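Being a predicted model, the structure only gives us computed values, none of them experimental.
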Amino acid sequence: MADSNGSNGSNQGSRPATVRVFIALAPPDDAKEELARELGPAYAAYPDMRWNRIEDWHITLAFLGELPVEVVPPLRPRLAELAAARGPVRLALRGGGHFGERVLWSGIDGDLDGLHRLAAGVRAAVEECGIPFEDRPLRPHLTLARARRNDASSAVEAAAGLAGFAGRRWRTERLHLVGSNIGRGPGPIHYRDIEAWNLGGGLVGQQGS
């Protein structure tokens, strides 16, 4: 049985415990439900795609990858300070697209300048903590599904079905430090908040490192 960090207890003596980490924003429930209704025809037409759970939808600001668990706690106070100093950003979900022929996503609209400034602050905080990561240019999106290998059409066709979607505006209320179990087994990817902070100040909650 895996422990809370996703490491197999029998292997703890032979390898350090790690956690796969990213920092993200999440749309509010009603905005996600609005997009889920728009995706209804795609859910029915492409049941073999690997659809992300609606509760796991997020906008990644910085992907840190697999980290030793002891690296995570020093990052928390720095992100808390950043969140307290920043106000919410107004965004919306709009349209859709695909990366290659397999990854389906929804686009992000609204205060993109504010979103990029927040992401830059997050990445600076990570660097100040001495955590190495691949600093790729931010391409704001919400990953929805992945087509299976040898399926070159489902994601492309589903993206075309989202072309006219324009969701309502909403405020990004929280900054999330998230862990995932990707690569730890054959089942679906699941995410959990390690900690989250209200933008403008205030700790929301934590699940431990």
Side-chain angles (χ1 to χ4, degrees), residues 21-64 79 82-83 86-123 136-147 151 153-180 182 188-193 196-200 204-205:
V21 176
F22 59 90
I23 301 162
L25 303 172
D29 289 345
D30 54 353
K32 291 189 290 187
E33 290 162 2
E34 185 180 30
L35 176 56
R37 288 192 295 271
E38 187 75 12
L39 285 168
Y43 288 146
Y46 312 109
D48 292 334
M49 290 186 71
R50 297 167 61 183
W51 292 95
N52 289 356
R53 303 184 309 164
I54 186 172
E55 56 265 40
D56 288 336
W57 287 353
H58 60 269
I59 304 165
T60 300
L61 301 180
F63 180 75
L64 310 188
L79 291 176
L82 174 68
R86 302 293 179 114
V89 181
R90 294 190 65 83
L91 301 174
L93 301 175
R94 182 181 296 274
H98 53 91
F99 295 133
E101 296 177 333
R102 295 187 58 201
V103 179
L104 172 68
W105 49 264
S106 174
I108 308 299
D109 196 10
D111 183 7
L112 297 183
D113 287 342
L115 180 62
H116 280 270
R117 287 194 296 270
L118 178 59
V122 163
R123 294 174 184 209
R136 296 179 178 177
L138 180 67
R139 298 180 63 182
H141 67 279
L142 196 73
T143 300
L144 302 174
R146 290 169 174 80
D151 178 358
S153 63
S154 294
V156 176
E157 293 169 3
L162 286 176
F165 174 69
R168 70 167 188 83
R169 291 290 180 100
W170 40 270
R171 285 159 44 100
T172 57
E173 299 289 351
R174 300 181 183 95
L175 182 67
H176 299 262
L177 179 64
V178 187
S180 83
I182 187 170
I189 300 169
H190 293 298
Y191 304 99
R192 62 180 178 86
D193 269 7
W197 302 269
N198 287 322
L199 289 165
V204 178

Worksheet entry | Pair His176 + Tyr191: ring centers closer than 6.0 Å | no
Item to complete: Mind checking the NE2-NZ spacing from His58 to Lys32? Nearest 0.5 Å is all I need.
Response: 11.0 Å
Worksheet entry | Spatial distance of atom CG (Leu112) from atom CG (Leu138) [nearest 0.5 Å] | 9.0 Å
Discussion item. According to side-chain hydrogen bond (donor to acceptor under 3.5 Å, both in side chains), who are the partners of Arg168, at least two apart in sequence or on a separate chain?
Written reply: Asp30
Worksheet, complete the sentence: Shortest non-hydrogen pair, His141 vs Phe99, comes out as NE2-CE1, 3.6 Å
Item to complete: Looking only at non-hydrogen atoms, find the nearest pair between Trp170 and Ala92 and report the distance.
Response: NE1-CA, 3.6 Å
Practice prompt. Using atom types as modelled and distance alone, determine if a side-chain donor or acceptor of Arg123 lies under 3.5 Å from a backbone N or O of Leu61.
Written response: yes
Discussion item. Quick check: closest heavy atoms across Leu35 and Trp57, and the distance to 0.1 Å?
Written reply: CD2-CZ3, 3.7 Å
Worksheet item: Distance-only, no hydrogens or angles: does the Asp151 side chain make a donor-acceptor pair with backbone N or O of Ser153 under 3.5 Å?
Response: yes
Item to complete: Please answer whether the main-chain N or O of Ala147 pairs with a side-chain N or O of Arg102 as donor and acceptor at a distance below 3.5 Å.
Response: yes
Worksheet item: So with a 6.0 Å cut-off around CD of Glu55, is the heavy-atom count from everything else above 12?
Response: yes
Discussion item. Could you check whether any side-chain N or O of Arg171 sits under 3.5 Å from a backbone N or O of Gly87, counting only pairs where one atom can act as donor and the other as acceptor?
Written reply: no
Fill in: Any side-chain heavy-atom pair of Tyr46 and Leu104 under 4.5 Å
no
Worksheet item: Which atoms form the tightest heavy-atom contact between Leu93 and Ser106, and what is the distance?
Response: CB-OG, 3.9 Å
Practice prompt. Take Arg146 and Asn52 through the side-chain contact (heavy atoms from CB on, under 4.5 Å) test and state the conclusion after the steps.
Written response: CA-CA 8 Å; Arg146 290 169 174 80; Asn52 289 356; 3.8 Å; yes
Fill in: Leu199 side, atom CG; Arg174 side, atom CZ - distance, nearest 0.5 Å
9.5 Å
Worksheet item: Can Leu162 and Leu39 be said to form a side-chain contact (heavy atoms from CB on, under 4.5 Å), step by step?
Response: CA-CA 8 Å; Leu162 286 176; Leu39 285 168; 3.9 Å; yes
Fill in: Nearest heavy-atom neighbours spanning Ala42 and Trp51
O-CZ2, 3.7 Å
Worksheet item: What's the spacing between Ile59 CD1 and Ile23 CD1 if we round to 0.5 Å?
Response: 14.5 Å
Item to complete: Report the C-alpha distance between Leu115 and Thr172 in whole Å, list the side-chain angles of each, state the deciding distance to 0.1 Å, and finish with yes or no for side-chain contact (heavy atoms from CB on, under 4.5 Å).
Response: CA-CA 9 Å; Leu115 180 62; Thr172 57; 5.8 Å; no
Worksheet entry | Within 6.0 Å of CZ in Arg139, more than 12 heavy atoms from elsewhere | no
Worksheet, complete the sentence: Arg94 and Asp109 have their tightest heavy-atom pair at NE-OD2, 2.5 Å
Worksheet, complete the sentence: Output for pair (Leu175 CG, Leu79 CG), nearest 0.5 Å, gives 6.0 Å
Discussion item. Using only atom types and a distance under 3.5 Å, with no angle test, would you say the side chain of Arg86 pairs donor to acceptor with the backbone of Arg117?
Written reply: yes
Practice prompt. Please round to the nearest 0.5 Å and tell me the distance separating atom CG of Asp56 and atom CG of Leu144.
Written response: 12.0 Å
Fill in: Any Val178 side-chain heavy atom under 4.5 Å of Asp193 side chain
yes
